[in-house]
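Written out below as structure tokens is the structure these notes cover.
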Protein chains: 2
Amino acid sequence: MVTQKRVRANTRPRRGYGQYCALAKALDVIGDRWTLLIVRELLLRGPCRYTDVRNGLPGIATNLLAERLRELEATGILRREDAPPPVATTLLRLTARGEALRSVVHAIGRWGGSLLGEQIKDDAFCSHWLAMPLDLYLTDRAPKRPPIAIEVRSGDEPIVIETANGAVRTRIGRAANPDAVLTGPAPLVLRVLMGKLTVGEAKTHGVRYVGDPRALQRVRPV
Amino acid sequence: MVTQKRVRANTRPRRGYGQYCALAKALDVIGDRWTLLIVRELLLRGPCRYTDVRNGLPGIATNLLAERLRELEATGILRREDAPPPVATTLLRLTARGEALRSVVHAIGRWGGSLLGEQIKDDAFCSHWLAMPLDLYLTDRAPKRPPIAIEVRSGDEPIVIETANGAVRTRIGRAANPDAVLTGPAPLVLRVLMGKLTVGEAKTHGVRYVGDPRALQRVRPV
DNA sequence: CAGCATCCGCTTTGATACTG
DNA sequence: CAGTATCAAAGCGGATGCTG
């Protein structure tokens, strides 16, 4: 008798912890390798294509990404939707439940901040990853004054730090009229923004800063 | 000649994401299977023995637990210490860095709460796991009044809900003089404490409540 | 090219047995 | 009590191939 091979096609048996505990149940869903990094990409980029997600995840195997996306869709964390008329492609968008993972990603990111300082060695880096620490630590020191924008160029994609009614938001893209532009290697750029390194010191290591010097003070972390 | 066994000892190659990102670095350390559940046990129990941790993690393989504990020690999340004179054993205790994971565990637990309501089927349950949702959601509605204690018996170990200067803390153990004692199956007990089920309704399903009825109101969640 | 699926070799995990 | 030893099964990484 022939043994059944491809029995259950594309549904994994899902190896869960089997514990009646919110943490365990959550980890059943978001605890697999790469899963939270996929969520990170969708949180930072907003709705985007398969390929965009993959570009933000150097090292992931394509089949694994496809599988994770299927799982995330099945668990109601993201959904696929057709892009508006101009381009004909499928967009991946976080659901409300997926957006709610921002608090989780922030908590882990904040905890992991202390592990980051050391060195890069041959770590991959994508400039939009800067957005997370910036959103986490920067504050608007002068909420009453007119908003400012700082453009940061540190890798493939430029990002913009904007003050908007008291909060600091970081997004991928360019500023129409930036008050300052900061350019250089990521660890240094980050240290400058975090106030751990003066612009003067950083400039001797390849960082460039053009524009209003007060812009940096404006968003300095507490 | 005796062959050396302990050659490669305890250093794995460690398969990290290789990304210069706080989230990825954190997941390199706490992203492996079982790791955060081990941290949960240490957070809920405080310093305890290997066996205590294992009892709180039904299904874990002993070698895996031993390996994870080694990794957590190496990454500075816990440390081993000799127990005080009476008992001669090794205690596992979270370091400050490990305690800082409470915010991470809480964030994930809060997110995972919505996944929990459904059914138990054949999920394992340990009564001390109740402590997390209780710490997350209960509040002291009358901080000025004398503190109260509610004992909950829902499984192997009793736990105590205590109000202490405005906060609600849950711990493993018994209350010397509880204002109320709640007994019954976990999902029901939880629903009662969360205010989603009245004591009267719960009693028809096997829940017992003995003591001051106002104790329950006192710690009701917002 | 975007968006996968398939195959293969290696690593991690799970279950059990055994030891100081 | 606190692990180590062993081995099968599942998961993962990388390469490659297929389809619209």
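These values consider heavy atoms only, across backbone and side chains, with no hydrogens, waters or symmetry-generated copies. In what follows, chains are A, B, ... by sequence order, proteins preceding strands, each numbered from 1.
Nucleotide D:dG3 holds its P atom 12 Å from the CG atom of B:L91, rounded to whole Å. Distance CD (B:E71) to C1' (C:dT11): 13 Å, rounded to an integer number of Å. Rounded to whole Å, the distance from CG on A:L57 to P on D:dC12 is 14 Å. Between the CG atom of A:N55 and the C1' atom of C:dC1 there is a distance of 12 Å, given to the nearest Å. The CG atom of B:L65 sits 16 Å away from the C1' atom of C:dT12 (whole-angstrom rounding). Distance A:R70 CZ to C:dG3 P: 14 Å, rounded to the nearest Å. Nucleotide C:dT12 holds its P atom 9 Å from the CG atom of B:D32, rounded to whole Å. Atom CG in B:D82 sits roughly 12 Å away from atom P in D:dA2 (whole-Å rounding).
Using a 4.5 Å heavy-atom threshold, the side chains of A:V105 and A:L36 count as touching. Taking the side chain as every heavy atom from C-beta outward, B:M132 and A:C21 approach each other to under 4.5 Å.
The salt bridge (Lys or Arg N to Asp or Glu O under 4.0 Å) check on A:R80 picks up A:E73, with sequence neighbours excluded. Taking the salt bridge (Lys or Arg N to Asp or Glu O under 4.0 Å) definition, one finds that B:D179 meets it with nothing, sequence neighbours left out. Scored by the side-chain contact (heavy atoms from CB on, under 4.5 Å) test, B:A202 finds B:V192, B:L197, B:V207 as partners (sequence neighbours excluded). Partners of A:E41 under the salt bridge (Lys or Arg N to Asp or Glu O under 4.0 Å) rule, at least two apart in sequence or in another chain, are A:R45. Remark: A:E151 pairs with A:R153, A:R174 by the salt bridge (Lys or Arg N to Asp or Glu O under 4.0 Å) rule, at least two apart or across chains.
For residues 50-60 of chain A, the pairs satisfying salt bridge (charged side-chain N to carboxylate O under 4.0 Å, His left out) are A:R49-A:D52, with sequence neighbours left out. Annotation: ring pair (Phe, Tyr, Trp, His ring centres under 6.0 Å) contacts involving residues 69-89 of chain A, sequence neighbours excluded, are absent. Residue pairs meeting the ring pair (Phe, Tyr, Trp, His ring centres under 6.0 Å) criterion with at least one member in residues 31-55 of chain A, sequence neighbours excluded: A:W34-B:Y17.
Rounded to 10°, the angle separating the first-five-pair axis and the last-five-pair axis of the helix from C:dC1-D:dG20 to C:dG20-D:dC1 equals 30°.
At the phosphate of C:dG3, neither OP1 nor OP2 sits under 4.0 Å from any side-chain N or O atom of A:T90. Note on A:R80: every side-chain N or O is 4.0 Å or more away from OP1 and OP2 of C:dA2. Distances shorter than 4.0 Å separate none of the side-chain N or O atoms of A:R68 from OP1 or OP2 on D:dG11.
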Dump the pairs, protein N or O against N or O of nucleotides 13-15 of chain D, anything under 3.5 Å, distances to one decimal.
residue: D:dG13; atom: OP1; partner: A:R33; partner atom: NE; Å: 2.9
residue: D:dG13; atom: OP1; partner: A:R33; partner atom: NH2; Å: 3.2
residue: D:dG13; atom: OP2; partner: A:W34; partner atom: NE1; Å: 3.0
residue: D:dG14; atom: OP2; partner: A:G59; partner atom: O; Å: 3.2
residue: D:dG14; atom: O6; partner: A:N63; partner atom: ND2; Å: 3.3

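Using a 4.0 Å cutoff on non-hydrogen atoms, no part of residues 41-54 of chain B comes near DNA chain C.
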Atom pairs and distances, side-chain donor-acceptor, residues 91-102 of chain A, under 3.5 Å, sequence neighbours left out:
residue: A:R93; atom: NE; partner: A:E81; partner atom: OE1; Å: 3.2
residue: A:R93; atom: NE; partner: A:E81; partner atom: OE2; Å: 2.9
residue: A:R93; atom: NH2; partner: A:E81; partner atom: OE2; Å: 2.8
residue: A:T95; atom: OG1; partner: A:G76; partner atom: O; Å: 2.6
residue: A:T95; atom: OG1; partner: A:I77; partner atom: O; Å: 3.1
residue: A:T95; atom: OG1; partner: A:R97; partner atom: N; Å: 3.3
residue: A:T95; atom: OG1; partner: A:G98; partner atom: N; Å: 3.2
residue: A:R97; atom: NH1; partner: A:T75; partner atom: O; Å: 3.2
residue: A:E99; atom: OE1; partner: A:R102; partner atom: NH2; Å: 3.2

